[in-house]
Asker: 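Supplied in structure tokens, the structure appears directly below.
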Amino acid sequence: MAEKRLPWTGRYVDILRGEQFRPEFLAINPKAVVPVLVHDGTIIPESTVICEYVEDAFPAHPIYPDSARERALVRLWTKAVDEELHPACSAITYIVSHRHTILRNGAGSFEEFLKGGAHEGVAARTLKWQWIQHGMAAPGAAEKIKLYDDYLHRMEQSLRGSTWLVGERFSMADIAMAPYVNRLSALAMEGLWTGGRLPRVEEWFARIAARDSFFPAFVEWMPADLAAEMRANGERSWPEVRALLQ
Ligand SMILES: N[C@@H](CCC(=O)N[C@@H](CS)C(=O)NCC(=O)O)C(=O)O
């Protein structure tokens, strides 16, 4: 919304306290996940669909490239994010940090946990429970972290050929990837690209952080105590993550 220079009103849903399961939120999104856009009475979930809608409804300050080729390249990034990177990000965030917050807030019994997120399906919910209970020792945890790292390498590869992920203009591909690199940064895992490991990703993220949209998108809404907790938990887990990738 900041990149499109559009005004909007944000409503914070504390997913670590289960606010996504409140009836008033389930009425907006029965899948019990954020974000959701409500515009002129229309309810739109799914980050990529929200961005596509905003682009279609408000064409000024375009976030999609003009050519068919580059638009397809952008969509390959958003598809990959939706299908692979988002689940990997969810895993690493729970494994490294959210599990500590949820355990402190009280996760309750497995049966309650399963019921609370019935829409997610038993398999997905059971997996999340394992991340919360066992952290890095949960089945498949290491693979998710390797997949995340693989995406950083793919970014490095793309940035060898252009300033932004697709072409010379900042686009939806950069918008789609920025939260995932920012999440690693929030978890104190910048070591995944700094120190000469992935220099183009490092430069790209510095350019993202210098944009006017960065503060409203990533900093302003984030509760300071959660940011501090994620950083501290991330610092504790970093040696284990680094060892996994060596
Ligand atoms: N594909 C969806 C994924 C939405 C999603 O998983 N959101 C997470 C936060 S990033 C959530 O609300 N999780 C709630 C929970 O874990 O119970 C999108 O891109 O919007």
Side-chain angles (χ1 to χ4, degrees), residues 1 8 10-39 42-55 63 74-108 110 112-133 135 138 141 144 147-148 151 172-187 217-219 221-223 226-227 229-230 233-234:
M1 301 301 271
W8 62 292
R11 305 248 191 277
Y12 187 74
V13 179
D14 191 342
I15 60 172
L16 297 180
R17 291 194 186 275
E19 288 180 3
Q20 68 276 36
F21 303 122
R22 287 186 180 165
E24 57 270 33
F25 186 75
L26 289 175
I28 295 173
N29 188 3
K31 275 190 171 175
V33 289
V34 293
V36 181
L37 175 71
V38 182
H39 178 237
T42 302
I43 296 172
I44 303 168
E46 292 295 330
S47 311
T48 301
V49 180
I50 291 170
C51 292
E52 288 173 351
Y53 171 83
V54 169
E55 178 78 341
I63 54 172
V74 166
R75 291 197 183 101
L76 288 175
W77 280 105
T78 58
K79 188 169 162 62
V81 163
D82 289 339
E83 288 176 358
E84 284 193 332
L85 187 57
H86 185 84
C89 179
S90 181
I92 195 169
T93 305
Y94 272 82
I95 288 163
V96 167
S97 186
H98 283 2
R99 62 185 295 255
H100 302 294
T101 314
I102 292 170
L103 289 172
R104 198 191 52 231
N105 290 346
F110 175 61
E112 280 162 6
F113 186 78
L114 209 55
K115 252 192 279 160
H119 60 281
E120 280 184 303
V122 175
R125 203 69 183 155
T126 305
L127 195 60
K128 209 175 246 178
W129 179 260
Q130 286 171 340
W131 297 338
I132 293 169
Q133 301 300 322
K144 293 285 187 205
L147 178 70
Y148 213 134
Y151 269 91
M172 182 59 206
D174 306 289
I175 292 174
M177 289 305 294
Y180 296 93
V181 179
N182 183 63
R183 171 56 54 86
L184 292 173
S185 165
L187 292 170
F218 294 117
V219 185
W221 64 271
M222 180 80 160
L226 179 59
E229 180 155 20
M230 285 173 73
N233 286 335

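Any value given below was found using the heavy atoms of this structure, including those in side chains, with hydrogens, waters and symmetry copies removed. Both counts, for ligands and for their atoms, begin at 1 and track the order of listing. Bear in mind the structure is a predicted one, so any value in this text is a computation, not a measurement. Along the sequence shown, residues carry numbers from 1.
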Asker: What are the two closest heavy atoms between Leu187 and Met230, and how far apart are they?
Answerer: CD2-O, 3.7 Å

Asker: So does Glu24 pair up with Arg11, basic N to acidic O under 4.0 Å?
Answerer: no

Asker: Give the table of side-chain donor-acceptor pairs shorter than 3.5 Å for residues 25-39, with sequence neighbours excluded, one pair per line with atom names and distance.
Answerer:
unit_1 : atom_1 : unit_2 : atom_2 : d
Asn29  : OD1    : Lys31  : N      : 3.1
Asn29  : ND2    : Val33  : O      : 2.8
His39  : ND1    : Tyr53  : OH     : 2.6

Asker: Is there a side-chain contact between His98 and Trp131, using heavy atoms and a 4.5 Å cut-off?
Answerer: no

Asker: If you count only heavy atoms, which residues are under 4.0 Å from ligand 1?
Answerer: Ile15, Gln20, Ala32, Val33, Val34, Pro35, Glu46, Ser47, His86, Tyr94, Lys128

Asker: Name all pairs fulfilling the side-chain hydrogen bond (donor to acceptor under 3.5 Å, both in side chains) condition that reach into residues 86-97, sequence neighbours left out, sorted by first residue then second.
Answerer: His86-Tyr180, Thr93-Arg183, Ser97-Asn233

Asker: What pairs with Phe218 under ring pair (Phe, Tyr, Trp, His ring centres under 6.0 Å), at least two apart in sequence or on another chain?
Answerer: Phe214

